[in-house]
Amino acid sequence: MSDTATITDARLSFVRDRPFDPLPPPLVHSGAIGWLLQNLFSSFTNILLTVSCVAMVVWLLPPLIEFLIFDAVWDGSSRADCIVTPQRPAVGACWAFVIERLGFFTYGFYPIEERWRVDVFFVLLAFGIGWMTWLDAPRRGLGMIYFFAVMPVLSFFLLVGLPAIGLQAVSTAQWGGVLVTIVVSAVGIVVSLPLGVLLALGRRSKMPVVRMSSVIFIEVVRGVPLITVLFMASVMLPLFVPESLTPDKLLRALVGVALFAAAYMAEVVRAGLQAIPRGQYEAAMAVGLSYWQAMRLIVLPQALKVTLPNIVNTFIGLFKDTTLVFIVGIFDFLKTIEAARGDVNWATPVTSVTGYAFAAMFYFVFCYAMSRYARYVEHRLRAGDRR
Amino acid sequence: MSAVDTGRSRTALIYNPRIRGFVYQALLCAAIAFLAWGAISNAIDNLARAKIASGFGFWHNTAGFDISQTLIEYSTTSTYGRAFWVGLLNTLLVAGLGIVLATVLGFIIGIARLSTNWLVARLAGVYVELIRNLPLLLQLLFWYNAVLKVLPEVRDSFLVPGGGLLNNRGLFLPQPVFHERFLAVAAALAVAIVLAVAYRVFAKRRQMRTGQPAPVLIVAAAMVIGLPLAALIVTGFPVDFTYPERGRFNVRGGIEVLPEFMALLFGLVIYTAAFIAEVVRAGIQAVAKGQAEAAYSLGLRPGPTLRLVVMPQAMRVIVPPLTSQYLNLTKNSSLAVAIGYPDLVQIFTGTVLNQTGQAIEVVVITMAVYLTISLVTSLLMNLYNRRVSLAER
């Protein structure tokens, strides 16, 4: 050893005693250029794809932004503000129209001095949804009671009216816009979840009559379009009840939507139930719990948790499907847009597109938020599995 | 069993699960029977009061309304039964075309979402997120009212290359008129298809035996295109076109494609393709990464890897949810009623129901049709599914 050391010291002093500093990685493999080369220009096909994509974005995006923002008309009171004039050669979205009609889009024909009741309803609902969706919220059991029992009853009297305590009655024919869209989806959610759980349990029941009736209901409803279910509710239902009890138009649509959603919810819940190992059922039976106790305390809490992302995804579908009540003549949000866009006072070439753009933003915000939430829950559940 | 046991079980009769089961089921039957009886007796009362006929006698009555798109012969003097078939065929037409186009678009976008090209993947992602989160009805109304209805009037029609016209009354395409000699061309096409299939079978057998691949696609394409083309030239192009002509307010001649049809088809294809893209992406991601890596290390290029290694395995995961997307598309085609395309729901649950007032019969028939379509589609897709999942042991 000492021999080598002396050699190094004495005669091979030109040999480096420490390694070179590493060179920076070549530019084509690192940094922005490397990323570009790897992700966008790695081959001839890729270059072609990238160029055509860029062309498409350049072709679509600037006109869209110009239309929605820079050329848009933000204030005005009639069509005159939104038509092409020599001073204003390019007219984009006519937001003035949306702003003026915002009340109509939100409340429909709900009496103006009673609109605060709708606002209170929105707050009650938002509170309930917040409680249910915040997974670490305190007293979630209580929240469940609030959401599925207290809130529906309160909202019903709030919106329909209760003359005894000074809330004047408002006919459902006067409801409209976002209010109806939210009411239909909220009723769909509040009714379809418990009903769907019952149907799912029924489908897995050992009793043949219960199982067959659940299967027939679920499969028939899932096999037909929502429109036919709505038509059934709106034209057949009145025939099946005594004439004096004929339900009003909105209620009929609500029945249709709730039954339809329940069938889909049942399948989602069933998938959750199937994901729970048999041992859980057997353990619950072994400690002497009855069927309903076992379901309520052991099985359903786990099954619903596993399947929560799917439940939220079903709600997204339900929320989008509420637009179909428009076809059986109910003034939901989309219908108010359709009605307002035909208004002579605002008849311009851009009114329709503006109305649809506004509706699109409304639905997109809600649906996208829900789908992000579903993904967050899924991620959280998977984190639990990884431990 | 001892006497004591029987005695105990008799006292605990209400705790016996079998007995309880019977009681619950009897109660459920009674409840359903009671509801059904109430509904039927009310319906009989209400129908009698409103003087509405019942039964399916209306099927043979004269309809007396016109339909804007008919695939089979139909006039105002036809029966309601005939109108039903017209509507059903229109539904099947838009659903069939929609399924084919949505599958193509959906697979392209689903694969694009997993592209290594960042921009392509991002754009596909934006498409999927945007389209999936907007109601289909809104999209249909947009296509119909904001795009197709604001096209120019007839006299300012856009000219479609090849002699077509596009205006706010729809798309008008040249209509081919075939002469008798055209039969030879059709026969040549049939022969070419048979030959192509036979060649494919032969090529596959040979590859199995010797390992030598054959250019099936090119040869088959050459046959299917070449033979009819040769026949066309030999017989001297026995086909004429009647071109649509612009009148002042209307278009004469040619094949008319209604704007309602185009809007419905666009809407359904674009909407369903977003869902199919997600199904395809999930299917591809379910295939283990090692499969593609093994294919690359054997020297396969990305295209053949996807086609020969990844996709056949992904199809097993893809087919069941793809089936339900097809069914959704078919069911969603009933939204035609919102833009006035004469499909089954628009004609039957709309016009026929309004004219006859026979709600129960009409709604039941319509539901039965959709149920049948659903069942048949599931059956076919299950058969296909069995074929693609065979390789799994």
Side-chain angles (χ1 to χ4, degrees), chain A residues 35-36 38-40 42 45-46 49-50 53-54 56-57 206-210 213 219-220 222-229 231-232 235-236 238-243 291 316 319-324 326-327 334 337-338 341 349 352-353 355-357 359-360 363-368 370-371, chain B residues 17 21-22 24-26 28-29 32 38-40 42-43 45-47 49-50 112 115-120 122-123 129-130 132-139 141-142 145-146 149-150 327 330-335 337-338 345 349 353 359-360 362-364 366-368 370-375:
Chain A
W35 185 88
L36 278 178
Q38 253 172 22
N39 287 297
L40 295 180
S42 59
T45 341
N46 254 340
L49 280 173
T50 307
C53 282
V54 169
M56 203 168 78
V57 171
K206 288 195 183 66
M207 295 183 260
V209 176
V210 176
S213 9
E219 291 306 326
V220 167
R222 275 161 42 94
V224 298
L226 175 56
I227 292 201
T228 59
V229 176
F231 270 119
M232 189 182 86
V235 297
M236 274 168 78
L239 292 176
F240 289 147
V241 294
E243 207 189 14
Y291 175 79
I316 299 178
F319 187 69
K320 287 187 295 176
D321 280 347
T322 58
T323 50
L324 268 63
F326 149 9
I327 292 169
L334 193 56
I337 298 263
E338 277 293 284
R341 131 193 128 70
S352 299
V353 182
Y356 291 140
Y363 284 106
F364 184 81
V365 165
F366 277 86
C367 294
Y368 191 68
M370 281 194 268
S371 75
Chain B
F22 275 123
Y24 285 145
Q25 296 187 58
L28 182 68
C29 283
I32 292 175
I40 290 170
N42 278 325
D45 281 358
N46 288 330
L47 289 175
R49 197 177 309 111
S115 166
T116 49
N117 187 316
W118 182 84
L119 199 57
V120 172
R122 266 306 133 97
L123 281 183
E129 285 297 335
L130 187 69
R132 277 198 332 158
N133 286 320
L134 296 178
L136 175 58
L137 188 57
L138 175 64
Q139 297 187 30
L141 292 174
F142 171 78
N145 289 324
K149 274 286 145 183
V150 296
L327 290 179
T330 312
K331 287 186 276 174
N332 283 336
S333 72
S334 60
L335 288 178
V337 70
V345 170
T349 335
L353 175 66
I360 300 179
V362 167
V363 172
V364 166
T366 315
M367 285 187 152
Y370 281 104
L371 263 183
T372 315
I373 294 176
S374 295
L375 291 179

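On a predicted model such as this, the values are computed, not experimentally measured, just so you know. Just so we're on the same page: letters track the sequence lines, and every chain starts at 1.
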Sub-4.5 Å side-chain heavy-atom contact between [X] and [Y]:
{"X": "B:Asn117", "Y": "A:Leu40", "value": "yes"}
{"X": "B:Ile360", "Y": "A:Val235", "value": "no"}
{"X": "A:Met232", "Y": "B:Val364", "value": "no"}
{"X": "B:Lys331", "Y": "A:Leu226", "value": "no"}
{"X": "A:Val241", "Y": "B:Asn46", "value": "no"}
{"X": "A:Phe231", "Y": "B:Val345", "value": "yes"}

What distance do [X] atom [atom1] and [Y] atom [atom2] have between them, rounded to the nearest 0.5 Å?
{"X": "B:Leu335", "Y": "A:Thr323", "atom1": "CG", "atom2": "OG1", "answer": "7.5 Å"}
{"X": "A:Asp321", "Y": "B:Leu137", "atom1": "CG", "atom2": "CG", "answer": "10.0 Å"}
{"X": "B:Trp118", "Y": "A:Leu49", "atom1": "CH2", "atom2": "CG", "answer": "14.5 Å"}
{"X": "A:Leu324", "Y": "B:Ser334", "atom1": "CG", "atom2": "OG", "answer": "7.0 Å"}
{"X": "B:Arg132", "Y": "A:Ser371", "atom1": "CZ", "atom2": "OG", "answer": "6.5 Å"}
{"X": "B:Glu129", "Y": "A:Phe364", "atom1": "CD", "atom2": "CZ", "answer": "6.5 Å"}

Under 4.5 Å from any heavy atom of chain A, what part of B:Leu371 do you find: side chain, backbone, both or neither?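 Backbone plus side chain of B:Leu371, per the 4.5 Å heavy-atom cut-off to chain A.
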Using heavy-atom distances under 4.5 Å, tell me whether B:Leu136 contacts chain A through its side chain, its backbone, both, or neither.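 Neither; nothing under 4.5 Å.
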For [X], which atoms come within 4.5 Å of any heavy atom of chain B: side chain, backbone, both, or neither?
{"X": "A:Pro208", "result": "both"}
{"X": "A:Val57", "result": "side chain"}
{"X": "A:Thr50", "result": "both"}
{"X": "A:Tyr291", "result": "neither"}
{"X": "A:Met56", "result": "side chain"}
{"X": "A:Arg222", "result": "backbone"}
{"X": "A:Thr322", "result": "neither"}

Where B:Ser374 and A:Gly223 come nearest, the two heavy atoms and their spacing: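 Heavy atoms of B:Ser374 and A:Gly223 come nearest at OG-O, 3.0 Å.
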Distance-minimising heavy-atom pair for B:Ala338 and A:Ile327: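 That closest heavy-atom pairing would be CB-CD1, 4.0 Å.
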Under the side chain to side chain contact (heavy atoms under 4.5 Å, CB included) rule, what do A:Glu338 and B:Asn145 come out as? Steps first, then yes or no, please. CA-CA 10 Å; A:Glu338 277 293 284; B:Asn145 289 324; 3.7 Å; yes
Residues that A:Phe240 engages under ring pair (Phe, Tyr, Trp, His ring centres under 6.0 Å), provided they are two or more places apart: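 Counting only residues at least two positions away or on another chain, A:Phe240 forms no ring pair (Phe, Tyr, Trp, His ring centres under 6.0 Å).
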Would the number of heavy atoms belonging to other residues, nucleotides or ligands and lying under 6.0 Å from CZ of B:Arg122 be above 12?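 Incorrect, the count does not exceed 12.
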Starting from the C-alpha separation in whole Å, work towards a yes-or-no answer on side chain to side chain contact (heavy atoms under 4.5 Å, CB included) for A:Lys320 and B:Asn133. CA-CA 8 Å; A:Lys320 287 187 295 176; B:Asn133 286 320; 5.8 Å; no
Top contributor to chain A interface from [options] [non-hydrogen pairs under 4.5 Å]:
{"options": "B:Ala43, B:Ala146, B:Ser333, B:Ala368", "answer": "B:Ala43"}
{"options": "B:Thr349, B:Leu327, B:Leu141, B:Val150", "answer": "B:Leu141"}
{"options": "B:Leu138, B:Leu28, B:Leu119, B:Val120", "answer": "B:Leu138"}
{"options": "B:Leu130, B:Ile32, B:Ile373", "answer": "B:Leu130"}

Out of [options], which one racks up the most heavy-atom pairs below 4.5 Å with chain B?
{"options": "A:Phe366, A:Tyr363, A:Tyr368, A:Tyr356", "value": "A:Tyr356"}
{"options": "A:Val220, A:Leu36, A:Ile316, A:Ile337", "value": "A:Val220"}
{"options": "A:Gly355, A:Ala360, A:Pro349", "value": "A:Ala360"}
{"options": "A:Leu334, A:Val353, A:Val365", "value": "A:Leu334"}
{"options": "A:Asn46, A:Val210, A:Val54", "value": "A:Asn46"}

